[in-house]
Amino acid sequence: MKILVLADQESKSLYDFYTPEKIKDIDMIISCGDLRAEYLSFFATLSRAPVFYVRGNHDCQYMHCPPEGCTCIEDDIVTYKGIRIMGLGGSMEYIPDAPNQFTERKMEQRIRRMWWKLKKNKGFDILVTHAPAYQLNDLPDLPHMGFSCFRDLMDKYTPQYFLHGHVHANYGTSFKRIDQYGGTTVVNGYEYCIIEYPACL
């Protein structure tokens, strides 16, 4: 299965210079946040693949105008063609009480509230977030720091993939498209990338 991962930056190649051939083989589209609702709706309209998304720290407009034809997977586990996908959007809180920003403790609480979904689904295969995991290609500044509890999830459930955004390619040497954490392939979806499921290790 081919999965198109999107995050943070609109792709001119896919959007401004779109041709059907560019996404004709895509089976699923996953957004890791900070993209206009209209951008996601564009892919939902022109692709046969379902579009799943979480919110980034700048996606406040989704509350009033969510992406049409797309499925929000925040605080949920959805199954598509046997693949269990867990969604936890937002970033580390750097503006008190701002939407889509969470302290480490608040993110841990979100995960704890999903205990029944995790038990019922017997874990998950793909973890989709906006922020990275702590000290796994994140940055030292608070706005771009990752969550330790994401590492805990990978330690416990060993998903095939951990997909995130938030750390942009133009931020410097910290950007890494693909990484490995134990048995989990970590992918930064900045702009876009295409991955294969199951992961080829």
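Source: prediction; values computed, not measured.
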Contacts of Asn121 meeting side-chain hydrogen bond (donor to acceptor under 3.5 Å, both in side chains) (sequence neighbours excluded), chain-then-number -> none

The complete set of salt bridge (charged side-chain N to carboxylate O under 4.0 Å, His left out) pairs with one or both residues in residues 42-55, sequence neighbours excluded, reads Asp27-Arg48

Mind checking side chain to side chain contact (heavy atoms under 4.5 Å, CB included) for Thr45 and listing every partner two or more places apart, or none if nothing turns up? none

List in chain and number order the residues that pass salt bridge (Lys or Arg N to Asp or Glu O under 4.0 Å) with Asp152, two or more places apart in sequence or in another chain; answer none if no residue qualifies. none

Stepwise side chain to side chain contact (heavy atoms under 4.5 Å, CB included) check, Asp155 with Tyr181: CA-CA 9 Å; Asp155 288 339; Tyr181 180 79; 2.9 Å; yes

Listed once per pair and sorted, the salt bridge (charged side-chain N to carboxylate O under 4.0 Å, His left out) pairs that draw on residues 107-117, sequence neighbours left out: Glu74-Arg110, Asp75-Arg110, Asp76-Lys117

With sequence neighbours left out, write down each residue that passes side-chain hydrogen bond (donor to acceptor under 3.5 Å, both in side chains) with His166, or none if nothing qualifies. Asn57, His130

What residues form a side chain to side chain contact (heavy atoms under 4.5 Å, CB included) with Val128, not counting sequence neighbours? Ile30, Cys32, Val54, Ile73, Ile85, Ile126, Leu163

How would you list, by chain and number, every residue that makes a salt bridge (Lys or Arg N to Asp or Glu O under 4.0 Å) with Glu38, sequence neighbours excluded? Arg36

Spatial distance of atom CZ (Phe52) from atom CE (Met28) [nearest 0.5 Å]: 6.0 Å

When you measure from the side chain of Asn188 to the backbone of Val167, do you find a donor-acceptor pair of N or O atoms at a distance under 3.5 Å? yes

Donor-acceptor contact present, side-chain Glu191 to main-chain Ser11, <3.5 Å: no

Should Met145 and Tyr94 count as side-chain neighbours, where that means a heavy-atom distance under 4.5 Å? no

Expected output: side-chain Gln9 to main-chain His168 donor-acceptor under 3.5 Å: no

Looking at side-chain heavy atoms only, is the closest gap between Phe43 and Leu6 below 4.5 Å? yes

Running the 4.5 Å side-chain criterion over Ile, Leu, Val, Met, Phe, Trp and Tyr, what cluster does Trp115 land in, apart from itself? Trp116

Apply side chain to side chain contact (heavy atoms under 4.5 Å, CB included) to the pair Leu153 and Met86, showing each step before the final yes or no. CA-CA 11 Å; Leu153 279 171; Met86 179 176 178; 4.0 Å; yes

Partners passing side-chain hydrogen bond (donor to acceptor under 3.5 Å, both in side chains) against Arg84 (at least two apart in sequence or in another chain): Asp125

Quick one: does any side-chain atom of Lys22 pair with a main-chain N or O of Ser13 as donor and acceptor, under 3.5 Å? yes

Under the rule for side chain to side chain contact (heavy atoms under 4.5 Å, CB included), what residues qualify as partners of Cys60, not counting sequence neighbours? Met63, Pro99, Asn100

Non-neighbouring partners of Glu68 that pass side chain to side chain contact (heavy atoms under 4.5 Å, CB included), sequence neighbours left out: Ser41

Angle between ring planes, Tyr62 versus Tyr53, binned at 30° and 60°: parallel, tilted or perpendicular? perpendicular

Hey, can you tell me if Phe42 and Tyr18 have their rings parallel, tilted or perpendicular (30° and 60° cut-offs)? perpendicular

State, without any angle test, whether Gln180 and Thr185 hold a side-chain donor-acceptor pair at a distance under 3.5 Å. yes

